[in-house]
Structure formats: structure tokens, C-alpha cells
Q: 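Here it is, the structure in full.
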Amino acid sequence: MTRPRAGRDPLAQPFVEGAFETPGGPILRVLSTLSAADRRGGAKVRWGIGRMDYLVEPGLYAVGSPGVDSPVLVSANYKLSFDALRASLAGRSAFLLVVDTHGINVWCAAGKGTFSATEVTRRIAETHLVEIVAQRRVILPQLSAPGVTAREVEAATGFKAVFGPVRSEDLPAYLDAGCRATPAMRSKSFELAERAVLVPMELVPALKWVAALAAALVLLSGLGGAGGYLSEMASHGPIAALAAVVILLAGAVATPILLPWLPGRAFSLKGAIAGLLAFAPSAIAAWLLLDGGAGVPLALELSGLGLIAMAGAAFLALNFTGATTYTSLSGVKREMRFAVPIEIAGAVAGLGLWLAGRLLS
């Protein structure tokens, strides 16, 4: 039986319709149709609400009435991944082996190392799968390939690990074809709608710290100048707050939406360019409105805010590296190593320039 979390009744989960007896013991049978509660949960988590709690218990589940020759499909314990899998199997019978990826989706978990051959092997052993099915094959999602070495699973368990299609909706055709995938099933698109759906998940968590940054910049903008603290804050605070807003919009919205058209391959570079393009018009307007004849102090101030906007947007853009078709796992690690120090240095330099401009004005 799937092990429940402390204090939770596994049978009370809305997607569970009862227990299913197997030679290896009872397991939970789940519905292959998504309920209103499932859809509400999916909508909430896409806006970052309850993101880290949106998971199912690792273990073995059943859809329909599977037998010893039924397919065993492996998935992550992120509930959106689990829901997509079970919903694709309407009218069919299969076993679902859910591995513990700490609530992370298949693709990202494979990149982070939590969807691994070790974890798959452990779940096969813990669920006594060898006692439940006669066939010795488990079907992994293709997007788990960066984290799972199939031969290691087979060597450790005796189960051959094969990679199914990229999209769960292709599973019925894949199964009907004797577990053969067409070239189309092996390809992953990353169209505008697929990129746009990622935006809320990054936008909402970033709101809090961007709001805090905007408040801090506004309060500090009253420093320096000849007009007094409140007067200086009223005239220079809006452009400072706008720099923080640019971080959010350029890094979490513009970068994924405009991804194919932003130059460069590195996400940090794409984010920095988006930040620069978003902040530049405001900086020009501020230069004109705040008396550009003031010269060096205002130039330092606007340059500093521009650097802050670029560094912050570049940092937020890095969040998309593990969930796109643009980078490999090694590429993500390489970019993180060089980009994060540069972003920190850029933010610190920008803050220094901005404060210098304010104090010299």
C-alpha cells in the first residue's frame, strides 16, 4: 500500500477511488478523470499557490483493473505530472509507479537529480513490483532521460527501462503501437503558449522581494539633493521603483515570452537585454524630466538603476533554464557558475553608482 503522510488518509484524496488487491499487497486505485478539485488545484499551483505542497505520495497506483501483463508507467510525484499521466489513460488499465521527486515535475526533477535511476530502482523494490507483474518493463517519461540511466535500472532490478513519448497525451497511441514512439512523439515543442504558462509560476513568488526592493529604493531616493528628503523622494522615487518593476516584468514575463527573439543563448544574457530594453525608455524620460543638465550625478543615478534592473532581470531569467528546450543540464550548470557572480557584481555596482549619484546631487 502507498505510504501516507502522517495524519493523512490516503483514501481521502479526491483522485482515489478505493483499494486494489495485487499479489504484492493492496495498492490505491485512482480515477482517470480529473475532478473539479483537481482542476482548481492545477489552476492555483500555476499561480504559485501551494506550489511545494502540490504532490502525491510516492508508490504504486492502479488505473482501471491492471493484470500481470499490464504496462507500468513511471512518473514524478508532482501532482500536475501525475494528473496528466492518469488523465491520458482513460478507459485503460495500467500501473502507475510514482517516484519521489520532492514535488518537482519530471523534466526539472531529472535535471536536479531527484528523478534518477537510484530513485526508480528504490521504488520498484519498495512496491514489490516484481511480485505484481509478470512482464519486466517499466515505461519512463522521455523527459526523465537526462536524469535516468536505463541500463542502471535494469541491472539493479531486472526491469527493462524504456522511454515513452514526451507528451502524456501520446501514451495511448504509443501503447497501442507496442511501445513504439514515432519521431513526432520524441520531439518537444516550446511554442508561445507553452512559454506563457510558465510566467505566473515565476511572477508570483518574485512579487514579494521585488516589492521590498522597490520600497527600499524609494526610501533611499530621498537621500542627497537640495530639495529636502521628501521632495527628493517624490521626484526620484518613481524612477527607482520603476527599476524594480522592470526586474519583474523583464525577467519573469518578457524573457520567456520573447525567448526566441532575444539575442544570445544564455538565459542570463537574454534577461539582461530584456531589462535594458525595458528600462532605457524610462531612463531617457527621467533624464529629460529631472533636468538632464544636472549632469554627472543624474547620469550615475540612472546608470546605477539600469545596472540593477539588468542584473535582477538576468537573475530571474535563470529560473527558466531547467524548463525549456534551449539548454541541457550541463549548459544550465555552466551558465549558473559564470552568470550568478556577474549578476551579484552588477547589482552591487549598480547600487553603488545609484547611491553615489544621489549623494552627489
Side-chain angles (χ1 to χ4, degrees), residues 43 45-49 51 105 107-108 111 188-218 237-287 301-327 331-332 334-336 338-347 349-351 353-354:
V45 78
R46 288 193 181 283
W47 282 93
I49 302 171
R51 167 66 186 83
N105 67 66
W107 203 356
C108 292
K188 177 73 182 80
S189 63
F190 200 45
E191 303 299 330
L192 176 60
E194 294 172 291
R195 301 195 302 273
V197 77
L198 300 174
V199 169
M201 298 183 74
E202 300 300 336
L203 186 67
V204 174
L207 276 173
K208 291 181 181 177
W209 70 263
V210 168
L213 175 63
L217 291 176
V218 169
I239 186 64
L242 185 60
V245 174
V246 163
I247 291 175
L248 189 66
L249 297 181
V253 180
T255 298
I257 296 297
L258 303 176
L259 200 61
W261 302 287
L262 289 171
R265 186 173 180 81
F267 276 67
S268 50
L269 177 60
K270 291 176 179 290
I273 291 172
L276 176 63
L277 294 177
F279 184 71
S282 303
I284 293 172
W287 177 265
E301 181 180 343
L302 296 177
S303 299
L305 290 174
L307 271 178
I308 293 171
M310 291 173 64
F315 182 77
L316 279 186
L318 282 177
N319 288 336
F320 297 97
T321 54
T324 76
T325 57
Y326 282 60
T327 52
V332 171
R334 185 167 57 250
E335 182 174 351
M336 294 289 287
F338 79 79
V340 173
I342 294 175
E343 289 161 1
I344 293 173
L351 184 61
L353 286 174
W354 179 66

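These numbers were taken from a predicted model, which means no experiment stands behind them. Atom set for the values below is all heavy atoms of this structure, side chains included, hydrogens, waters and symmetry mates excluded.
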Q: Does Met201, at its CE atom, have more than 12 non-hydrogen atoms belonging to other residues, nucleotides or ligands within less than 6.0 Å?
A: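 Check passes, neighbour count above 12.
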
Q: Looking at Glu202 and Leu316, would you say the former's side chain and the latter's main chain have a donor-acceptor pair under 3.5 Å?
A: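 Such a contact is absent between Glu202 side chain and Leu316 backbone.
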
Q: For Gly275 and Ala313, work out which heavy atoms get closest and say how close.
A: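 Taking every non-hydrogen atom into account, CA-CB, 4.1 Å.
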
Q: Any side-chain hydrogen bond (donor to acceptor under 3.5 Å, both in side chains) involving residues 301-311? Give me the pairs, sequence neighbours left out, ordered by first then second residue.
A: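 For residues 301-311, and leaving out neighbouring residues, the side-chain hydrogen bond (donor to acceptor under 3.5 Å, both in side chains) pairs sorted by first residue read His236-Glu301, Glu301-Arg358.
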
Q: Identify, with sequence neighbours excluded, every residue that meets side chain to side chain contact (heavy atoms under 4.5 Å, CB included) alongside Ala272.
A: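 Side chain to side chain contact (heavy atoms under 4.5 Å, CB included) check on Ala272 returns Met310, Ala314.
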
Q: My understanding is that only residues two or more places apart in sequence, or in another chain, count here; which of them pass side chain to side chain contact (heavy atoms under 4.5 Å, CB included) with Leu192?
A: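 If we apply the side chain to side chain contact (heavy atoms under 4.5 Å, CB included) test to Leu192, skipping adjacent residues, the hits are Arg195, Ile257.
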
Q: Tell me whether Trp47 at atom CH2 has more than 12 heavy atoms from other residues, nucleotides or ligands lying less than 6.0 Å away.
A: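 It does not: Trp47 CH2 has 12 such atoms or fewer within range.
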
Q: Which heavy atom of Ala274 sits nearest to which heavy atom of Thr255, and what is that distance?
A: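 Scanning both residues, the minimum pair turns out to be CB-OG1, 3.9 Å.
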
Q: Tell me, please, which residues at least two apart from Ile344 pass side chain to side chain contact (heavy atoms under 4.5 Å, CB included).
A: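 Checked Ile344 against side chain to side chain contact (heavy atoms under 4.5 Å, CB included); matches are Val340, Val348.
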
Q: Any donor-acceptor pair under 3.5 Å linking the side chain of Lys270 with the backbone of Leu259?
A: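 Checking the backbone N and O of Leu259 against the side chain of Lys270, a donor-acceptor pair under 3.5 Å is found.
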
Q: First locate atom CD1 of Ile273, then atom CG of Leu258, and finally report the distance between them rounded to the nearest 0.5 Å.
A: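 Ile273 atom CD1 to Leu258 atom CG measures 11.5 Å (nearest 0.5 Å).
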
Q: Please report the interatomic distance CD1(Ile239) to CZ(Phe279), rounded to the nearest 0.5 Å.
A: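 Taking CD1 in Ile239 and CZ in Phe279, the distance rounds to 4.0 Å.
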
Q: Locate the shortest heavy-atom distance separating Pro256 from Phe320; write the atom from each residue and the value.
A: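 For Pro256 versus Phe320, the nearest heavy atoms are CG-CZ, 3.6 Å.
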
Q: Any chance you could lay out the side chain to side chain contact (heavy atoms under 4.5 Å, CB included) test for Leu203 and Leu248, step after step, and finish with the verdict?
A: CA-CA 7 Å; Leu203 186 67; Leu248 189 66; 3.6 Å; yes

Q: Could you tell me which non-hydrogen atom of Ala250 sits nearest to which non-hydrogen atom of Ala278, and how far apart they are?
A: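 Where Ala250 meets Ala278 most closely, the heavy atoms are CB-CB, 4.4 Å.
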
Q: Please list, chain by chain and in numerical order, all residues satisfying side chain to side chain contact (heavy atoms under 4.5 Å, CB included) with Phe315, sequence neighbours excluded.
A: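 With neighbours one apart ignored, the set is Glu343.
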
Q: Could you measure the distance from the CG atom of Leu353 to the CG atom of Leu302? Nearest 0.5 Å is fine.
A: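 The distance works out to 11.0 Å.
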
